[in-house]
Number of protein chains: 2
Amino acid sequence: MLTTKEHPSADRVWKTVAESFPAISRATVYNTLNLFVEKGLLRELHLDPDSVVFDPKLETHHHFIDEATGAIHDIPWDRVQVCNLESMRGFKVREYQVVMRGTKRH
Amino acid sequence: MLTTKEHPSADRVWKTVAESFPAISRATVYNTLNLFVEKGLLRELHLDPDSVVFDPKLETHHHFIDEATGAIHDIPWDRVQVCNLESMRGFKVREYQVVMRGTKRH
DNA sequence: CACGAGATGTAGACTAAGTCTAAATCATGA
DNA sequence: TCATGATTTAGACTTAGTCTACATCTCGTG
């Protein structure tokens, strides 16, 4: 999980882990994932309409959601830029990202 | 709903509507909201960790999430810009937005 | 080694958002 | 008025995420 390039849901992680550790409890997987988030080892994303997904990549980056497959792709931070953030006058922006949707070119 | 500046969840809409129409069924509210989305009268957002929220503002815009209150604010499209989108070479970007999190200044 | 205390994991119950279903009701045209 | 299709209802159902009580593990100490 901590090294995957994907963005699995908790249940997906559970199913994957259960292949190697069939005795592991679902609650343990949820609890562990949430602990990792709390301790800063993972980030949770609310991009998927069905569930929270977890992102092991801690460096700030953008996201591209493939509408055909549902896959979430990490986009390097400096690939695109958000210009004019200073104009957000009434807000203190702690973090931001560009969320893009579309399809992957072949 | 179609004119609100907020981003209510389905259940929030239900509770609001039920004040005027106590007989309305929860499923009707869900069904109607989903129909509105399908017909393009509303957009659904997956920004809130707890539920889908609905956005009546059809013009493209960005979002700012107030982490203190959970409130979602619409940010005018031209307030900030995403530069270098052409660099998304392997992707066909159908739509994008900047999602910002932080707090509102007093 | 034994023991106690705290941490961690388990198994299943529980909650709540969202969906489904069968039936009732409504709306419309003939 | 009636038939038909559309819409709504009320509650059941599903499932992601959380909670709970208990079991098990880990570690430090004597």
Side-chain angles (χ1 to χ4, degrees), chain A residues 1-58 63 65-73 99 101, chain B residues 1-58 63 65-73 99 101:
Chain A
M1 172 75 243
L2 290 181
T3 60
T4 186
K5 300 223 175 182
E6 306 202 328
H7 301 78
S9 66
D11 270 356
R12 204 136 129 245
V13 172
W14 180 42
K15 292 204 171 73
T16 304
V17 171
E19 286 169 11
S20 307
F21 305 94
I24 199 162
S25 156
R26 179 160 168 262
T28 300
V29 173
Y30 274 92
N31 289 338
T32 306
L33 287 170
N34 288 334
L35 182 66
F36 282 6
V37 170
E38 185 191 316
K39 299 297 184 187
L41 299 178
L42 286 181
R43 303 189 64 169
E44 56 179 13
L45 301 178
H46 305 112
L47 295 175
D48 187 314
D50 297 320
S51 62
V52 179
V53 296
F54 295 90
D55 187 345
K57 185 165 182 161
L58 298 180
H63 288 104
I65 298 155
D66 187 320
E67 294 178 304
T69 67
I72 300 175
H73 297 271
V99 179
R101 293 175 208 270
Chain B
M1 171 75 247
L2 290 181
T3 59
T4 185
K5 298 219 180 198
E6 305 202 327
H7 301 79
S9 66
D11 270 356
R12 199 135 133 243
V13 172
W14 179 43
K15 293 203 170 72
T16 305
V17 170
E19 287 168 11
S20 308
F21 305 95
I24 199 161
S25 155
R26 179 161 168 261
T28 299
V29 173
Y30 273 94
N31 290 338
T32 306
L33 287 170
N34 288 334
L35 182 66
F36 281 6
V37 170
E38 186 191 316
K39 298 299 183 186
L41 300 179
L42 286 181
R43 302 189 65 167
E44 56 179 13
L45 301 178
H46 305 113
L47 296 175
D48 187 317
D50 297 320
S51 62
V52 179
V53 297
F54 295 91
D55 187 345
K57 185 166 180 158
L58 298 180
H63 287 104
I65 299 156
D66 186 323
E67 293 178 305
T69 66
I72 301 175
H73 298 270
V99 179
R101 293 175 208 268

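Quick note on labels: first sequence line is chain A, next is B, and so on, each numbered from 1.
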Rounded to whole Å, the CG-P distance (A/L33 to C/dT8) equals 15 Å
Length of the line joining B/E38:CD and C/dT19:C1', which is rounded to integer Å: 15 Å
On a heavy-atom basis, the closest approach of A/D55 and A/K57 is OD1-N, 3.0 Å
Mark yes or no for whether B/H7, through its side chain, and B/F54, through its backbone, hold a donor-acceptor pair below 3.5 Å. no
Can you see which heavy atom on A/L58 is nearest to which on A/G40, and at what distance? CD1-O, 3.2 Å
Classify the nucleic acid contact of B/T28 as base, sugar-phosphate or nothing, counting any heavy atom under 4.0 Å across all strands shown. base
Could you give the CG-to-P distance, from B/D50 to C/dA16, as a whole number of Å? 11 Å
Heavy-atom pair of closest approach, residues A/W14 and A/I24: NE1-O, 3.4 Å
What is the distance from CH2 of A/W14 to P of D/dT15, rounded to the nearest Å? 12 Å
Are OP1 or OP2 of D/dG17 and a side-chain N or O of A/Y30 less than 4.0 angstrom apart? yes
For D/dG11, does the base pair up with any side-chain atom of B/R26 as donor and acceptor (N or O, under 3.5 Å, distance only)? no
Integer-rounded Å distance: C/dA11 P and A/F21 CZ: 15 Å
Base D/dA10 paired with B/S25 side chain (donor-acceptor, <3.5 Å): yes
Measuring to OP1 and OP2 of C/dT19, would you say a side-chain N or O of B/N34 lies under 4.0 angstrom away? yes
For A/N31 and for A/D11, locate the closest nucleotide of DNA chain D by heavy-atom distance; then report the residue assigned to the nucleotide nearer the 5' terminus. A/D11
Expressed as a whole number of angstroms, how long is the span from B/E44:CD to C/dA17:P? 16 Å
Tell me the interatomic distance from B/H46, atom NE2, to C/dG18, atom C1', rounded to whole angstroms. 11 Å
Considering all heavy atoms, the nearest A/H46-B/L47 contact: CB-O, 4.0 Å
What integer distance in Å separates A/L35:CG from C/dG9:C1'? 13 Å
